[in-house]
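Heads up, the thing below is written out as structure tokens.
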Protein chains: 2
Amino acid sequence: MKKPAFTEKQIASARQYQSTPPPEVHEGKVEALVNELIGRVADKWTMLILDILAENGEQRFTRLGELVTGVSQKMLTQTLRHMEREGLVTRTVHPVVPPRVEYKLTPLGMSLGAAFCGVWIWAEKNLDKVEQARTTFDRRAAAAKRKAAAR
Amino acid sequence: MKKPAFTEKQIASARQYQSTPPPEVHEGKVEALVNELIGRVADKWTMLILDILAENGEQRFTRLGELVTGVSQKMLTQTLRHMEREGLVTRTVHPVVPPRVEYKLTPLGMSLGAAFCGVWIWAEKNLDKVEQARTTFDRRAAAAKRKAAAR
DNA sequence: TTCTATACTTACCTTTGAGAGAGTGACCTT
DNA sequence: AAGGTCACTCTCTCAAAGGTAAGTATAGAA
């Protein structure tokens with residue numbers, strides 16, 4: 001998909017250091033960084049806020065809270081701070097009373113939004129397939145359970 | 001990006017039901033389903049396993065545990081079950097001793113892998129930009145803190 | 001008989017996530 | 001003088017995520 005596959009040897013040497021990341025295996029370092037980045041960025045609220053900002057453009061704090069269904073103030077602030085930290089949004093404070101703060105996607109944020117777009121589309125397109133797979137699985141699991149109980 | 005924007009009214013009505021999802025707002029229902037699906041699928045281990053399976057093809061349990069850096073047995077089992085449930089992987093048990101179980105992506109799983117590909121690429125490409133944004137942010141935050149302390 | 005290999009499962013415990021709700025500061029309106 | 005607005009911030013609390021380590025079943029090998 002993207003990374004060159006590791007050799008058996010590299011994997012073995014990486015395993016040794018599982019608790020503290022291997023310092024001299026360069027591939028592993030980059031991989032770890034990418035994974036960490038993915039971990040930060042692929043979180044629920046980040047994705048939702050990204051989506052809303054991509055669709056609706058610059059927004060104020062409270063308005064954003066209304067648009068992102070189910071988010072609490074705390075999570076909104078927290079996620080926005082994180083996003084600002086990694087350069088996905090800009091935060092503009094207008095020094096007026098009452099305060100007025102506007103959030104806007106940076107080009108970097110927009111490019112991430114575009115990258116996620118594929119996943120949104122996949123989700124919309126395959127919603128029913130997943131739904132069906134789930135019921136099939138659950139039905140089968142229930143049957144297996146009955147069988148196990150009968151033994 | 002994908003969904004039609006809500007009207008003020010719909011948002012207001014949705015807000016009322018924040019604890020239990022609104023039953024009669026249809027748009028909200030679909031949106032909720034998509035969001036939930038994204039939530040299940042965009043999780044760290046799912047993405048990593050998906051990636052490994054896409055790159056290396058069918059794998060046995062233990063081997064998978066070696067390839068997915070840092071995963072515990074528990075999380076591996078759990079994530080694989082979830083993925084099987086939503087039809088992303090097939091689990092083939094060979095009735096031999098010692099047991100032999102093989103995991104393989106379904107076409108659905110592969111299509112999700114392809115969809116995530118954009119995000120991986122984004123992460124690789126923008127790793128340094130994010131890194132830089134972070135240090136800039138942290139430096140600025142530290143400066144603001146000093147300033148606040150001086151007051 | 002004891003050991004080994006494989007793919008789990010289960011129990012326990014610590015860490016993290018996340019909501020609810022109250023408080024804050026500054027200025028403007030009434 | 002009291003109340004309202006906005007964007008937080010803080011604390012308290014409960015739930016969920018996730019790690020560790022031990023246990024299980026089975027048959028062939030030593």
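Lettering of chains follows the sequences in order, A, B, ..., and the numbering in each one begins at 1. This structure is a prediction, so every number in the text was calculated from the model and none was measured.
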> Which is the 5'-most and which the 3'-most nucleotide of DNA chain D that has an atom under 4.0 Å from a heavy atom of chain B?
Replying inline: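 Endpoints of the contacted stretch of DNA chain D: dG18(D) to dA27(D).
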
Using side-chain heavy atoms (C-beta onward) and a distance below 4.5 Å, is [X] in contact with [Y]?
{"X": "Ile38(A)", "Y": "Phe116(B)", "result": "no"}
{"X": "Met47(A)", "Y": "Asp43(A)", "result": "no"}
{"X": "Glu124(B)", "Y": "Ile121(B)", "result": "no"}
{"X": "Gln59(B)", "Y": "Leu53(B)", "result": "yes"}
{"X": "Leu50(B)", "Y": "Val41(B)", "result": "no"}
{"X": "Arg85(B)", "Y": "Arg40(B)", "result": "yes"}

>> Can you measure Gln73(A) atom CD to dA22(C) atom C1' for me and round it to whole angstrom units?
In response: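 Going from Gln73(A) (CD) to dA22(C) (C1'), I get 11 Å.
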
>> Rounding to an integer number of Å, can you tell me how far Lys74(B) NZ sits from dA11(C) C1'?
In response: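 It works out to 10 Å between those atoms.
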
>> Looking at Arg60(B), I'd like to know whether one of its side-chain N or O atoms comes within less than 4.0 Å of OP1 or OP2 on dT6(C).
In response: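 No, no such contact exists.
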
> Between Arg100(B) and dC8(C), does any side-chain N or O lie under 4.0 Å from OP1 or OP2?
Replying inline: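 For dC8(C), OP1/OP2 do not have a side-chain N/O of Arg100(B) under 4.0 Å.
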
> Residues from residues 75-86 of chain B sitting under 4.0 Å of DNA chain C, heavy atoms only?
Replying inline: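 Close to the strand are Thr77(B), Arg81(B).
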
Can you list, pair by pair, the side-chain donor-acceptor contacts under 3.5 Å of residues 97-109 of chain A, counting residues two or more places apart and other chains?
unit_1, atom_1, unit_2, atom_2, d
Tyr103(A), OH, Arg91(A), NE, 3.2
Thr106(A), OG1, Gly87(A), O, 2.6
Thr106(A), OG1, Leu88(A), O, 3.1
Thr106(A), OG1, Leu108(A), N, 3.3
Thr106(A), OG1, Gly109(A), N, 3.0

>> Membership question, hydrophobic clusters at under 4.5 Å side-chain separation (ILVMFWY): are Phe137(A) and Val93(B) in the same one?
In response: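 Different hydrophobic clusters.
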
Per-pair distances, 0.1 Å, donor-acceptor, side chain in residues 125-136 of chain A, under 3.5 Å, sequence neighbours excluded:
unit_1, atom_1, unit_2, atom_2, d
Asn126(A), ND2, Trp122(A), O, 2.9
Thr135(A), OG1, Gln132(A), O, 2.9
Thr136(A), OG1, Gln132(A), O, 2.8

> At how many degrees, to 10°, do the end axes of the helix from dT1(C)-dA30(D) to dT30(C)-dA1(D) meet when each uses five pairs?
Replying inline: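 The angle, to the nearest 10 degrees, is 30°.
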
Heavy-atom pair of closest approach, residues [X] and [Y]:
{"X": "Met75(B)", "Y": "Gln78(B)", "result": "CE-OE1, 3.2 Å"}
{"X": "Leu48(A)", "Y": "Val68(A)", "result": "CB-CG1, 4.1 Å"}
{"X": "Asn56(A)", "Y": "Leu67(A)", "result": "ND2-CD1, 3.9 Å"}
{"X": "Ala123(B)", "Y": "Val34(A)", "result": "CB-CG1, 4.0 Å"}

Produce the list of close N/O pairs, under 3.5 Å, pairing protein atoms with atoms of nucleotides 26-30 of chain C; give distances to one decimal.
none

